[in-house]
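Chain identifiers are assigned alphabetically (A, B, ...) following the order of the sequence lines, protein sequences preceding nucleic acid strands; residue numbering begins at 1 within each chain.
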Amino acid sequence: MYFVPGQPVTAVVQRIEIHKLRQGEHLILGFSIGGGIDQDPGQNPFSEDKTDKGIYVTRVTPGGPAEVADLRMGDKIMQVNGWDMTMVTHDQARKRLTKKNEKVVRLLVTRKSLEEAVKHSMTTYPKQ
Amino acid sequence: MDTESTYSGYSYYSGRSRGSHRHGERSRDRHKSRSKDSRSEKSVTINAPPAEPLLGDSSVRGEEVQDDNWGETTTAVTGTSEHSLSQEDIVRITKDLEDSVGIDCRRYFTLTLAVVLGLLVFLTPMAFLVLPHLLWPEKLQRCGTACEGLFISVAFKLLILLLAVWALFFRPPRAGLPRVFVFRALLAVLVLLFVVSYWLFYSVRILDSQDENYQGIVQYAVSLVDALLFIHYLAIVLLELRQLQPCFSVCVTRSTDGETRHYNLGQLSIQRAALAIVENYYRDFPIHNPALLTASKSRAAKHLAGLKVYNVDGPGNNAAAGLAHSQSRAMIAAAARRRDTSHNELYYEEAEHERRVRKRKARLVVAVEEAFTHIKRMQEDEQKKAPGDVMDPREAAQAIFPSMARALQKYLRTTKQQHCHSMESIQQHLAFCITNNMTPKAFLESYLTPGPTLQYSRERWLARQWTLISEASVTSGLKDGSVFLLKCIDFSLVVTAKKIPYIQMSEEYIDPKSHKFVLRLQSETSV
C-alpha cells in the first residue's frame with residue numbers, strides 16, 4: 001500500500017467484526033500484531049512498502065475468534081472501533097485492541113487481494 | 001576490349017558516369033552473389049570502394065600488361081637482413097655510446113664553469129678586504145673594534161657559505177640530462193651578475209677614489225657575503241624544496257608487458273621528472289624478460305598467416321589506396337569469420353604450463369630444504385672438530401649446491417629465467433644466505449618471482465641508455481595530461497601525468513556523549 005506523505009491514504013478495506021472470547025481472566029481475540037511507529041519497518045515480512053509503519057496481523061490462532069471472523073495473516077489494520085491504527089505505537093495498538101470493557105471490536109483491514117479483486121471487477125465488468 | 005578503347009579519350013569522371021549503368025549491373029550481380037554467400041558462412045563478401053572506374057585510365061593502361069606469374073619469381077624479404085645485430089653487438093654499441101666524447105666534453109665544460117664561478121665568489125670578499133691594504137696602505141684609517149668584529153663575522157659567514165655550497169653542489173652527478181638544467185643556469189647567471197655588479201661598484205667608487213674609510217669597505221664586504229648566503233637560500237628553495245610537495249601523479253607503463261606503477265611528483269621539468277621515474281624504475285619494475293614475450297608474437301603471426309589476398313579484378317582498379325584499403329578490409333572480414341581455435345590452444349597451453357611450473361617448484365623447494373639440513377653453524381664449544389671439516393660460507397655453499405642445482409636449473413628453464421642467473425651468482429647468493437642465517441624459503445624467494453632490475457647483476461640490466469621522447473620541450477614543466485616516452489633499446493616506458501586534484505577538507509565535530517544506540521524493535525504481541 002504505497003502512500004504519499006501528506007496526502008490522504010486511500011485503500012480498499014474490509015469490515016471485520018470480532019467477538020472476544022473469554023479465556024480465564026482475559027478476553028482474547030486470537031491473533032498477534034506487529035508493527036508500529038516505534039518499530040523497525042524493514043523487518044516486516046507482510047508489508048509491500050518497507051517504510052510502512054502500520055499494524056499488521058502476523059499470526060492468527062487457528063480456531064480463534066479472529067479466524068472465525070475471516071481475519072487473515074498479513075492484513076493491515078487501518079481502524080479499530082473508529083480509532084486510527086496507521087500512525088500508532090505498538091503499545092497503543094495493543095491497548096486499543098485489548099480494552100477490557102469492549103466485547104466486540106470492529107476492524108477495518110486491508111490486504112493486497114482486495115485491491116486486486118476490485119481492479120479485476122472493474123475491468124471485467126464494464127461500467128453499467 | 002575494343003569497345004572500351006573508344007572511351008580512352010575521356011577523363012576519369014566522365015568515364016565513370018558513362019559506365020554507371022554498367023556499374024549498376026555489376027552491383028546487381030554483386031548483390032546476388034552476396035545474398036548467396038551470406039548463407040554459407042565460410043565465404044567472405046568484399047565490397048570494394050565505389051570510387052573505381054570500370055574503364056581504365058590512360059595512366060593505368062601502361063601497367064595493363066601484368067604478368068600473372070610475377071609473384072612466383074620475386075624474392076621475399078625475410079626477417080634477417082645483412083645488417084643483423086646480435087645481442088652482443090647491441091651491448092657493445094651501448095658501451096661505446098657511454099664512453100663517447102661528446103657527453104664528457106659537456107660535463108667537463110660545466111664542471112670548469114662551476115669551479116671558476118665558485119672561486120670568483122669566494123675570493124671576491126677577501127679581495128675587497130685586502131686590496132685597500134695593498135694599494136693605498138698609508139691613507140687607510142685604522143681598523144677599530146667594530147671593524148675587527150666584522151672581520152670575524154666575514155670569516156664565519158664565508159665558512160658557512162663554503163660548507164653550504166659543498167653540501168648542495170658538490171655531489172657526484174647522478175645523471176646526464178639532455179638539456180641544461182634551467183634553474184642551475186639561472187642561478188649561476190644571477191650570481192655572476194651579482195658579483196660583477198659588486199665589483200663594478202667597488203672599482204668605481206672605492207678603487208678609483210681610494211676611499212679611506214676602511215670600516216665602510218669591510219661593511220661592504222660583509223653585505224656581499226650576506227647577499228651570497230641569501231642567494232644560496234634561494235638556490236635551496238628552487239633546486240631542492242620546490243619539487244618536494246607532490247603535485248602530479250604520473251602513471252608509468254612498460255610497453256612490452258604492461259607493468260604499471262604510479263608515482264607522485266612535484267613541480268618538475270620533464271627531464272627531471274624523467275630522471276626521477278628512471279631511478280624509481282630500477283627499484284620497482286620487475287626485470288624485463290624478453291623470453292616471456294615470444295609466445296604472443298607467435299600467436300599474432302599465426303592469426304594472419306593463413307590468409308592471402310588475391311586481386312581477381314585485374315589491373316583495372318587504379319586507385320592504389322582503395323586497393324590496399326579493400327585488401328585490409330578483406331583480411332579483417334576473413335579473420336573474423338573463420339573458425340579460430342587459437343583461444344582454446346592458449347587456454348590449455350597456459351593451464352599445462354601452470355601445472356608444470358608448480359610441479360617443478362615443489363621439487364625445487366624440497367631439494368633446497370633438504371640441502372640446507374646438511375650444514376649447520378659451528379658452535380663455539382665444538383672447536384675440537386678437525387680443521388678439514390670446518391668450512392667458510394663459500395665452501396659450504398659449494399658443498400651443498402650440487403644437490404639442488406639440477407632442480408633449480410629446471411625450474412629456471414621452465415619459467416624462462418635462466419639467462420638472468422649464472423652459476424656463480426647463484427652460489428654467491430647461497431653463501432650470502434648461509435652467512436646471514438636465512439631459511440631455505442628466503443634463499444629461494446629471489447628465484448621464484450622476478451625481482452626488480454637492481455637485484456640482478458649489471459650486465460643483465462639491458463637498460464642503461466635512455467632516450468627521452470617528448471612533444472613538449474624537455475625543460476618545460478610537467479602539466480596535466482603531458483605524455484612522454486622513455487625509450488630504451490628493448491622497450492619503452494610510457495609516462496602520463498595527471499594533476500592531483502585540489503582537496504577541500506572540512507571538519508565535523510562529534511561530541512563523545514552523542515554516541516547512543518537503541519535496539520531495533522520488532523515485537524509481536526498477541527491480543
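Dense packing is recorded around NZ of A:K50, with more than 12 heavy atoms of other residues, nucleotides or ligands lying under 6.0 Å away. Other residues, nucleotides and ligands place more than 12 heavy atoms under 6.0 Å from the CD atom of B:E240. For B:K441, the NZ atom counts as loosely surrounded, since its 6.0 Å shell holds 12 or fewer non-hydrogen atoms of other residues, nucleotides or ligands. More than 12 heavy atoms of other residues, nucleotides or ligands lie within 6.0 Å of CE in B:M438, so this atom counts as buried by the packing criterion.
Interface residue A:T58: backbone and side-chain heavy atoms are both found under 4.5 Å from chain B.
Residues A:I33 and B:E524 form no side-chain contact, since every pair of their non-hydrogen atoms from C-beta on lies 4.5 Å or further apart.
At least one donor-acceptor pair closer than 3.5 Å links the side chain of A:Q39 to the backbone N or O of B:S523.
To the nearest 0.5 Å, atoms OG1 (B:T525) and CG (A:D91) are separated by 7.5 Å.
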